[in-house]
Amino acid sequence: MNRKGAFARYLNRSGWLFVTPALVLFGVFMLYPILSSLYLVTRKWRGMTDSFVGLGNFVRMAQDNQFWHALGNNFLLMILQVPLMVILALVLAVVLNQGIRRGRGLVRLMFFLPAVTSLVAYSILFRILLQTNGMLNNLMLSLGVIQQPIGWLNDPFWATITMVIAITWRWTGYNMIFFLVGLQNIDPEIYEAAEVDGASKITVFFKITLPLLVPVILFSAVTSTSGTLQLFDEPNILTNGGGPANATMTAALYIYRQAFVTNSDFGYATAMSYVIVLIAGILAIVQIRLLGDRK
Amino acid sequence: MSVVRSPFTPIRLLMWIILAIGSFVCVFPFYWMVVGSTLNPNAVIHGNLLPGNELWINLEKATKNYNLPLFFWNSLFIASITVFLGVMVNAMAAFGFEKYPSKAREWFFGILLLTLIIPQISIVLPLFKLVAGFFAPIDMLFGTSFGGLLDSSWGIIMPFLMSAFIIFFLRQNFKMFPTEIVEAARVDGSGEWRIFLQIAMPSMTASFASAAILMFIGQWNSYLWPLMTILSDGTKTLPIAMSSMMNAYTIEYGGLMLIVTVSMIPVLAVFLGLQRQFVAGLVGSIK
Amino acid sequence: MKRTLSFVMTVALLLSTAALGFAAPSKVTVWCWDPNFNGASMKAAAAVYNKTHTDVTIEIVDIPQQIEAKIEAGLQAGGKGLPDIALFQDFIIEKFVQNYPKAFVDLKAAGIDYSQFAAYKVGPMTAGNSVYGVPFDTGSTGLWLRADYIKAAGLNPDSYMKSMKWSEVIKLGETVKAKTGKPLITYQSDNFDMLRILVQSTGGQFFKPDGSLNLRSDAFKKSLAAFKEMNDKGMLYLAEGWSNWIDSINNDQAAGFLNAIWMVGTIKSKPENKGKWMVVPTPLIDVAGAKAASNNGGSSWYVFNSAPNKAGAIDFLKSVWASKDPAALSFYNDILKGQGAMGTYMPSRAGSNYTVKDDFFYKNQAVFADFSKWMEQVPVLKYTPNYSAMRDAVANATLKYFQGKIASIDDTIAAAEKEYKEVMGN
């Protein structure tokens, strides 16, 4: 009995040794900041001087329409962009899976290329492309598609569209790869059985393929909504800080500005970031419940 | 779904068109960015699509006015160190969690997973206060100097070495590594560390390659945290340099395109080189 | 014994005198943006200083537009990573002084005579008995116009080289637009400088003494109305951001702009501009107390209390930027000609370049003489620590008003006040 116990302890110790470096880093660089934020959030800052305000930051937040407007933008982008991208990625994956045999690797690579760009780099590229006097407008003007340059970046409506287009460009290929892998994981025997039963291709797709892809769709949806909630790089660079007139201001950008630009109020910024965490958590739970139950 | 046999049905054609348009849209900005590196600023904005002859001028501007080689090196150093140390740390943790089950460790793993939903902005704010030397207690208790992490490459590396996502990802892959081999090696007298290093790791190259790619790309493209902590030119990374150029008094579009192009090269190289393993690793984790 | 003692004493004496007169080479680090303007001016100053102080290296680091955020981050960290001297715009200092009271060196206490600097520059950097920076360039404004487009519209540019009312400017814009299709003025939509320039020309403050917004003034309403009229008549060109605005000027998207003297460098950087540009006084808005002069921007040099080489930095600034020494005065003269940088050190205004005719401009206009004259009329403006927030709120509301999303001037003011209040949290 002792030998078993000693062995078990030896195993346990080894287990801890493997896990400890990561846990130490976790403790210092994630746990400690999270805990210290509990302190930060109760204070109001102006530069280096701070004062205790208790829940005052939350009271202020409740009345701060700028924050809710920014958060609303996150949701607007989420509603517009995520379904568009998921559907597009799905369609492309199906087409790629079905359409061609040779050259599939090459096409797959081309679709994945946008995903290796840094968010900064592609924001810069799109910003230059979509300037009022930029390439896209010049092209459309010379083709006669439009008479006046479209204000991609200086009209609130078009700026939102621009963000949707840019984000979709960046992430569709990435999600498509996951769907492709998911599709290829489906046992061909299932399809053969369905064909024998006389099911049409459409029925097969909706009743068999799609349900089997639910885990991947869930993964896609959760990561995409989480990503949309954290949008920072794109509004900062593509629309010059959430413009025009805050039309594309996002929550993360607004929080950053409160912490570093407007007032250096870390306490207020932290309070707002708590709300973001809460929303992220709720969204994740909702999505897992909704899609996870469909198995 | 059975594959359509005849090559030229309308549906097939439609599929080809969709793929062609999609590929073009995806690839065009890359082409434009490379061509733009050879043009003068006005030509870049206007949308010239044929290569010009200003490549050397742009290169000179990028190295003299903007210290491109230094920024490139900073990014490379930071991303590489993050990958080498980070994959190790995360792989060890994944191995520990998977092959040495224990209630306490499961509990920790659960906490790690929970933190996955926390958006980056929520972490970097108090993290900034930490490296800005605000929370002196940690410095006093552990004799460290977190203030030294501000405006330094290590300050960008260290907070991102441990990644809950990568640990999760690698753990999924470790699930497929037969525990029998581990036990057999143990019976043979190998120490745990040796088992990890010489038996488990070599057979998981696909997963490690995927993890390496993900960590490299993540750190290479990292923007928010460096934006907060980089103060001087000496530690600047490429994304910060690029966004600075967009805010310059007059934008050097040609030089900017050049820096953007150059910033893509290592990521593309890493990805292309490890592409197969990457997809294989994805397959493994999705299962 | 005696010999050893005297030997030791001699060595000690030598060492101590060596330490005194043989100063180790020292470095002064300066942060500023725009290498062609601020950087080049600082470089010229360094050259002057190095003539008499050969052992000091002045290192100029170019920091593009987000210098205020960088300084903020450094101040948060108690001064880590910050240089000796930094340049930033005058409307920022009040916020820094309020949020980081001990961040900067009180240069008045260090011996700089502020009576020699333009009063409106010294105002913002004063807090009680302390004064914090060394004023640099003026933001004296004018209406910059393209004489060639005016000619192309069938008008004589010479008849516009005078102080105009805005109603006359609008008429000019209508003709130019009708005949050449060019908008008269290009502006930056995330900033709306031109609006604030106009308000300030009346001496109008944006804040009441208690710190709340003062947008309901006659000056603000009339200025907003003037630009709205121009917008609706198609006389304005909208540029999304700073670089787009500069591009629009370089690419002739409009026939002019309303901004400050520091645009000289940009205009002159394009040789094709020679002979085409003229500058007329800031147009008069129909409000009591309006002057044909205003200010936009302008920055000053500040020394951090955390500076590695505080003494060196202070001595450098004193010797070149705040000294009546002939070498220092000729330095100011040189950067005026070389960079178009007009300092605000009053004794330097006797320099020859201040009155010279500039052959780059239409009819060799002596632009610097004009800007210098206008600078005398600029009223003191209290920026307050909340200037940036006000600026953003006003810009956002005005853009919406221009784009038809807000119906009236009163609604625009209300929207700006609302956004300001929510962002600032009071």
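All figures in this text were calculated on a predicted structure; none of them were measured in a lab. Within every chain, numbering begins at 1; the chains are lettered A, B, ... in the order of the sequence lines, protein sequences first and strands thereafter.
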Pair count under 4.5 Å, heavy atoms only, with chain B: among A/Pro114, A/Ala280, A/Ala121, A/Gly105, highest is A/Pro114

So, the part of B/Leu114 with a heavy atom under 4.5 Å from chain A: the answer is neither

Value for CD1 (B/Ile121) from CE (A/Met272), rounded to nearest 0.5 Å, stands at 9.0 Å

Applying a strict 4.5 Å limit to non-hydrogen atoms, the region of B/Trp32 in contact with chain A is side chain

When rounded to the nearest 0.5 Å, the distance separating CG of B/Leu127 from OG of A/Ser36 is 8.5 Å

Scored by heavy-atom pairs under 4.5 Å with chain A, the best of B/Ser163, B/Ala93, B/Gly86 is B/Ala93

If one checks every heavy atom of A/Tyr122 against chain B at 4.5 Å, the contacting part turns out to be neither

Bottom line for B/Met242: the part with an atom under 4.5 Å from chain A's heavy atoms is both

Please evaluate residues A/Val120 and B/Ile240 with respect to the criterion side-chain contact (heavy atoms from CB on, under 4.5 Å), reporting the C-alpha separation (whole Å), side-chain torsions for both, the decisive distance (0.1 Å), and the verdict. CA-CA 8 Å; A/Val120 172; B/Ile240 307 295; over 6 Å; no

Heavy atoms of B/Leu130 and A/Pro33 approach each other most closely as CD2-CG, 4.5 Å

Under a 4.5 Å heavy-atom criterion, the part of residues 12-20 of chain A in contact with chain B comprises A/Asn12, A/Ser14, A/Gly15, A/Trp16, A/Leu17, A/Phe18, A/Val19

Q.
A side-chain contact here means heavy atoms from C-beta on lying under 4.5 Å apart; do B/Leu149 and A/Phe29 qualify?
A. yes

Value for CD1 (B/Ile111) from CE (A/Met30), rounded to nearest 0.5 Å, stands at 12.0 Å

With chain A, the option among B/Ser263, B/Ala164, B/Gly36, B/Pro159 that has the most non-hydrogen atom pairs under 4.5 Å is B/Pro159

Rounded to the nearest 0.5 angstrom, the CE-CG distance for B/Met257 and A/Leu125 is 5.5 Å

When the 4.5 angstrom heavy-atom criterion is applied to A/Phe111 and chain B, the contacting part is both

The reported gap from CD1 in B/Ile45 to CG in A/Asn138 (rounded to nearest 0.5 angstrom) is 9.5 Å

Okay, B/Leu272 and chain A: the region with an atom under 4.5 Å from a heavy atom over there is side chain

inquiry  = B/Lys129 vs A/Tyr39, test: side-chain contact (heavy atoms from CB on, under 4.5 Å). Steps then yes/no.
reply    = CA-CA 11 Å; B/Lys129 275 299 190 188; A/Tyr39 167 77; over 6 Å; no

Bottom line for B/Ser102: the part with an atom under 4.5 Å from chain A's heavy atoms is side chain

Under 4.5 Å to a heavy atom of chain A? For B/Met88 that would be neither

So, the part of A/Ile237 with a heavy atom under 4.5 Å from chain B: the answer is side chain

Can you check side-chain contact (heavy atoms from CB on, under 4.5 Å) on B/Leu227 and A/Phe260, steps first, answer last?
CA-CA 11 Å; B/Leu227 183 66; A/Phe260 283 95; over 6 Å; no

Subject >> More than 12 heavy atoms of other groups within 6.0 Å of A/Arg104 CZ >> reply: yes

Honestly, the part of A/Asn137 sitting under 4.5 Å from a heavy atom of chain B is neither

Smallest heavy-atom separation, A/Gly281 atom then B/Ile117 atom, equals CA-CD1, 3.4 Å

Report yes or no: does B/Ser23 contribute a side-chain atom to a donor-acceptor pair with the main-chain N or O of A/Val107 at less than 3.5 Å? no

Bottom line for B/Val25: the part with an atom under 4.5 Å from chain A's heavy atoms is both

Looking only at B/Glu192, B/Met33, B/Arg105, most heavy-atom pairs under 4.5 Å shared with chain A are made by B/Arg105

Cut-off 4.5 Å, heavy atoms of chain A, and the answer for B/Phe28 is side chain

Are the aromatic ring centres of B/Phe108 and A/Phe26 under 6.0 angstrom apart? no

Honestly, the part of B/Ile213 sitting under 4.5 Å from a heavy atom of chain A is neither

One pair to check against side-chain contact (heavy atoms from CB on, under 4.5 Å): A/Leu119 and B/Tyr223. What are the steps and the verdict? CA-CA 8 Å; A/Leu119 301 184; B/Tyr223 181 60; over 6 Å; no

When the 4.5 angstrom heavy-atom criterion is applied to B/Tyr253 and chain A, the contacting part is side chain

Of B/Met264, B/Lys99, B/Met162, the largest count of non-hydrogen pairs under 4.5 angstrom with chain A goes to B/Met162

Correct closest heavy-atom pair for A/Ala269 and B/Leu125 would be CB-CD1, 3.6 Å

So, the part of A/Asn133 with a heavy atom under 4.5 Å from chain B: the answer is both

Q: Please answer whether the main-chain N or O of B/Gln120 pairs with a side-chain N or O of A/Gln230 as donor and acceptor at a distance below 3.5 Å.
A: yes

Heavy-atom nearest pair, A/Thr117 first then B/Asn221, reads O-ND2, 3.4 Å

Shortest non-hydrogen pair, A/Ile124 vs B/Ser243, comes out as CD1-N, 4.4 Å

Greatest number of non-hydrogen atom pairs under 4.5 angstrom with chain B, of A/Leu92, A/Leu139, A/Leu109, falls to A/Leu109

Looking only at A/Tyr10, A/Phe219, A/Phe126, A/Tyr274, the option with the highest number of non-hydrogen pairs under 4.5 Å against chain B is A/Tyr10

Heavy-atom nearest pair, B/Val89 first then A/Pro21, reads CG1-C, 4.3 Å

Output for pair (B/Met246 CE, A/Ile128 CD1), nearest 0.5 Å, gives 5.0 Å

Cut-off 4.5 Å, heavy atoms of chain A, and the answer for B/Leu256 is side chain

Ranking A/Asn240, A/Leu283, A/Leu129 by heavy-atom pairs under 4.5 Å to chain B gives rank one to A/Leu129

Applying a strict 4.5 Å limit to non-hydrogen atoms, the region of B/Phe97 in contact with chain A is both

